[in-house]
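What follows is a single structure, written as structure tokens, with notes after it.
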Amino acid sequence: MTANKEALLNVEDLTMHFPIYKGLFRKQVGAVHAVDGVSFNVYRGETLGLVGESGCGKSTTGRAILQLYHPTRGAVNFEGRNLVEMKKEELRHMRRKMQMIFQDPYASLNPRMSVGEIIGEPLSVHKIASGKEIQERVAHLLELVRLNPSFASRYPHEFSGGQRQRIGIARAVALQPSFIVCDEPISALDVSIQSQVVNLLQELQDQFNLTYLFIAHDLSMVRHISDRVAVMYLGVVMELADSNALYDNPLHPYTQALLSAVPIPDPVLESKRKRMLLEGDVPSPVNPPSGCRFRTRCPIAQPICAEQRPEFRELKPGHFVACHFAERFM
């Protein structure tokens, strides 16, 4: 399926550790292993969904890809160029092609700036437009996200959460990027508004051939919007596959547990379904388990799981799994 597609983004062994300091002399005593050796491709024009529990490293992965965090190790090749090795000025030019939609529409907009200034700022910073041309572009962008162009003179506090997220989307597409990281863009919104925002993102993708990394908690929404889905746990990608293949036949016990918690609208099927309940809590990223990160909660864990970290391998065409015993689920 992906053999003939062009990889817009190639992430190799991406690692992001946050140092922990202690004492008067700020001695490093440890590190938070937020992201630990993540590798995947994102193909031009597709949506790659990134799912997992809170604190598993999804948002950190997105920010490290865009170099909002400088990775501890690894490479982020965007259009064939490694962003990690770029100097500031070179990276600033590349940012025109990469944007982000933030999770919290209340915190991501400057309350001291009008909507017109917020959306027009990237155009001004990158010297794309100036003066009246910025105003015209802002009006067009507001219409694009289905907001009244007259709202340009208003301030963020005058809008609802859904409207603010639309403003954030307008700001993200202002520079006509090719790649956008959507960091849980619907999780802070009412359920009735979430589908409107997702439909808007899909329409913009079709119109401008955008490529998305869509980070979310809602597994049913991720299936709706994503072409492929990657499942993260404690800083590591456990499974990556085509959306339908992953939801219909998950090969990793963690993915199976996540999907068993998704409610089914049919009450008869819901009553017959067997849930897979995980025991214990997610280990601390400061001191993650040896070998497989999931072994402390895995129902099929064996001694080898503590000794060796499972290889992230392709079991079916385009279906990658990091599990020693994934073959038993095929």
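As a basis for the values below, the full set of heavy atoms in this structure was taken, side chains included, without hydrogen atoms, waters or symmetry mates. Because the structure is predicted, anything quoted here is derived from the model rather than measured.
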Quick one: does any side-chain atom of [X] pair with a main-chain N or O of [Y] as donor and acceptor, under 3.5 Å?
| X | Y | result |
| --- | --- | --- |
| Ser124 | Gly120 | no |
| Gln256 | Asn249 | no |
| Arg295 | Ser290 | yes |
| Ser220 | Asp218 | no |
| Gln308 | Cys305 | no |
| Gln163 | Leu147 | no |
| Glu85 | Asn82 | no |
| Arg63 | Leu68 | no |
| Gln28 | Gly30 | yes |

Derivation and outcome, side-chain contact (heavy atoms from CB on, under 4.5 Å), residues Asp242 and His319 | CA-CA 7 Å; Asp242 174 75; His319 198 141; over 6 Å; no
Identify the heavy atoms of [X] and [Y] that sit nearest to each other, and give their distance.
| X | Y | value |
| --- | --- | --- |
| Cys323 | Pro253 | SG-CD, 4.1 Å |
| Ser178 | Arg44 | CB-NH1, 4.3 Å |
| Leu109 | Pro156 | CB-CG, 4.0 Å |
| Arg328 | Ile300 | NH1-CG2, 3.7 Å |
| Gln205 | Gly45 | NE2-O, 3.4 Å |
| His324 | Arg313 | O-NH2, 3.5 Å |

Mind checking the [atom1]-[atom2] spacing from [X] to [Y]? Nearest 0.5 Å is all I need.
| X | Y | atom1 | atom2 | answer |
| --- | --- | --- | --- | --- |
| Lys132 | Ile134 | NZ | CD1 | 13.5 Å |
| Ile118 | Ile167 | CD1 | CD1 | 6.5 Å |
| Ile65 | Met16 | CD1 | CE | 13.0 Å |
| Asn41 | Arg228 | CG | CZ | 7.0 Å |

List the steps, then state whether side-chain contact (heavy atoms from CB on, under 4.5 Å) holds for Thr61 with Ile215.
-> CA-CA 10 Å; Thr61 299; Ile215 300 167; over 6 Å; no
So does [X] have more than 12 non-hydrogen atoms from other groups sitting under 6.0 Å from [atom1]?
| X | atom1 | result |
| --- | --- | --- |
| Asp206 | CG | yes |
| Glu307 | CD | yes |
| Arg112 | CZ | no |
| Asn287 | CG | no |
| Glu279 | CD | no |

Compute the ring centroids of Tyr233 and His252, then answer whether they are less than 6.0 Å apart.
->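 Centroid distance Tyr233-His252: not below 6.0 Å, so no.
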In this structure, would [X] and [Y] fall into the same cluster of hydrophobic residues linked by side-chain contacts under 4.5 Å?
| X | Y | answer |
| --- | --- | --- |
| Leu141 | Tyr155 | no |
| Ile101 | Leu210 | yes |
| Met94 | Ile128 | no |
| Leu83 | Leu213 | yes |
| Tyr254 | Phe40 | no |

Please tabulate, for side-chain N and O atoms in residues 180-192, each donor-acceptor pair with protein atoms closer than 3.5 Å (sequence neighbours left out).
residue : atom : partner : partner atom : Å
Asp183  : OD1  : Ser59   : OG           : 2.7
Asp183  : OD2  : Ser59   : OG           : 3.3
Glu184  : OE1  : His217  : ND1          : 2.8
Ser187  : OG   : Gln103  : NE2          : 3.2
Ser187  : OG   : Glu184  : O            : 3.3

side-chain contact (heavy atoms from CB on, under 4.5 Å) between Glu327 and Leu315, worked out | CA-CA 8 Å; Glu327 284 85 355; Leu315 286 186; 3.5 Å; yes
Scan Val38, Val51, Leu240, Thr60 and name whichever one has a side chain to side chain contact (heavy atoms under 4.5 Å, CB included) with Met232.
->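 Of the listed options, the one satisfying the test is Val38.
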Parallel, tilted or perpendicular: which fits the ring planes of Phe18 and Tyr69, with parallel below 30° and perpendicular above 60°?
->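 Ring orientation, 0 to 90° scale: perpendicular.
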Determine, step by step, whether Val115 and Phe159 satisfy the side-chain contact (heavy atoms from CB on, under 4.5 Å) criterion, reporting the C-alpha distance in whole Å, the side-chain angles of both residues, the deciding distance to 0.1 Å, and the verdict.
-> CA-CA 10 Å; Val115 168; Phe159 296 92; 3.5 Å; yes
Is it true that Arg297 and Glu53 make a salt bridge, defined as a side-chain N closer than 4.0 Å to a carboxylate O?
->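 Glu53 and Arg297: salt-bridged.
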Excluding sequence neighbours, so at least two apart, what forms side-chain contact (heavy atoms from CB on, under 4.5 Å) with Tyr106?
->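 side-chain contact (heavy atoms from CB on, under 4.5 Å) list for Tyr106, sorted by chain: Asp104, Arg164.
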